[in-house]
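Read the structure below first, then the notes.
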Amino acid sequence: MPELPEVETIRRQLAKNIVGKKIDGKKITDVRRRAKILIIDFANGHSLVFHLKLTGQLIYNGKPSKYTRKVFYFDDGSRLIFNNLRKFGWWKKIKSTKSIEAPLGPEPFDLELKQFKVMLKKRPKSKIKPLLMDQKFIAGIGNIYSDEILFASCVQPTRLAGSLSQREVKAIFDNTKKILRKAIKARGSSVRDYLDGLGKKGQYVKEHKVYQKTGENCPRCGAVIKRIKLGGRSAHYCPKCQY
DNA sequence: ACAATATCCTGCGAGC
DNA sequence: TGCTCGCAGGATATTG
């Protein structure tokens, strides 16, 4: 499930390989990421935008498979394949990315603690996990990293934003950046379908403490990891050392 | 303002 | 073996 670290990994790899090349005579000037959306900019101001959703893959010089929905060819003969097994992902060509970027919340790495506190104050009745996953609230966090961030912060996913202590808010803020940073270093989490921009698996699954660890022992206190449904999503947490 | 649910789609593993 | 069922889930629309 590509979230911020996975899309950022792909972005970096693609940027290295395709900036300066051309598709249909149009020169690529940049490869950007906003939330979980990957953006390829062209010199004429137009962009190709991709959302990988659950099972999307963007692989530079990848070998097409039965799930390859689109292949982009570059002027040097290299290519970019877009795989989309469950067809939730999408891509399109647009003239401006403004309308796509406008509704999204701030990027975690651009965020300051003070601002984060103000954001939370506006949503006191929201449960913290669904809130962290709300792209209009903060960009790029999905089911995996929200579970891991809350575990690291010792906060239960059902806690209301307004009930968090200053200390807990700071922990969530710090752990968000820390975990996302570490996950990018590991090239993301290949739980099932995700592959990076070169077709390789991300290594961050090894660092998962609670995500999909239902029934296993908490690495911090030994209690049994629990799974609950929250807004149609599964939340994994330790009932003993997350409060 | 918030929660819960269905929806899109396909593969996989469990259970019978 | 081969069926059915539940599950995985990002974002959105809908209903409560």
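Rounded to whole angstrom, the span from the NZ atom of Lys129(A) across to the P atom of dA3(B) amounts to 14 Å. Distance, Leu131(A) CG to dC2(B) P: 8 Å, rounded to whole Å. What separates CD1 of Ile100(A) from C1' of dT12(C) is a distance of 15 Å, to the nearest Å. In this structure, Ile128(A) places its CD1 atom 17 Å from P of dA1(B), rounding to the nearest Å. The separation between Leu132(A) atom CG and dG9(C) atom C1' is 17 Å, rounded to whole Å. Note: CD (Gln57(A)) to P (dC9(B)) measures 19 Å, nearest angstrom. Between the C1' atom of dA8(C) and the CD atom of Gln212(A) lies a distance of 7 Å, rounded to the nearest Å. Glu6(A) places its CD atom 13 Å from the C1' atom of dG9(C), with the value rounded to the nearest Å.
Among the atoms of the strands shown, none is found under 4.0 Å from any heavy atom of Thr55(A).
One side chain, Ser146(A) or Lys129(A), offers a donor N or O that lies under 3.5 Å from an acceptor on the other.
By the 4.0 Å N-to-carboxylate-O rule, Glu168(A) lies close enough to Arg159(A) to be salt-bridged with it. Using a 4.0 Å cut-off between a side-chain N of Lys or Arg and a carboxylate O of Asp or Glu, Glu107(A) and Arg33(A) qualify as a salt bridge.
You'll find that the side chain of Lys125(A) is closest to dC2(B), out of dC2(B), dA11(C), dG10(C). The side chain of Lys127(A) has dA4(B) as its nearest neighbour among dA4(B), dG10(C), dA8(C).
Evaluation of Phe88(A) against the base of dA11(C) yields no stacking contact (centre distance < 5.5 Å, interplanar angle < 30° required).
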Using the 3.5 Å cut-off, write out each protein N or O paired with an N or O of nucleotides 10-15 of chain B and the distance between them.
residue : atom : partner   : partner atom : Å
dT10(B) : OP1  : Lys87(A)  : NZ           : 2.9
dG11(B) : OP1  : Tyr67(A)  : OH           : 2.4
dC12(B) : O4'  : Arg192(A) : NH2          : 3.2

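One finds no side-chain N or O of Ser126(A) lying less than 4.0 angstrom from the OP1 or OP2 phosphate oxygen of dA1(B). For His51(A), no side-chain nitrogen or oxygen approaches OP1 or OP2 of dG10(C) to under 4.0 Å. Listed pair Lys229(A) / dT5(B) fails the phosphate criterion, with no side-chain N or O lying under 4.0 Å from OP1 or OP2.
Every pair passing side chain to side chain donor-acceptor pair (under 3.5 Å) that includes a residue from residues 228-243 of chain A is listed here, sequence neighbours excluded: Asp147(A)-His236(A).
In this structure, Lys122(A) and Arg233(A) both approach DNA chain B, and ranking their closest nucleotides by distance from the 5' end singles out Lys122(A).
For Lys70(A) and Phe72(A), the positive end sits near the middle of the six-membered ring, less than 6.0 Å away and at most 45° from its axis.
For the pair Asp193(A) and Arg86(A), the minimum side-chain heavy-atom distance is below 4.5 Å.
In this structure, Phe74(A) CZ and Asn17(A) CG are separated by 8.5 Å, a value rounded to the nearest 0.5 Å.
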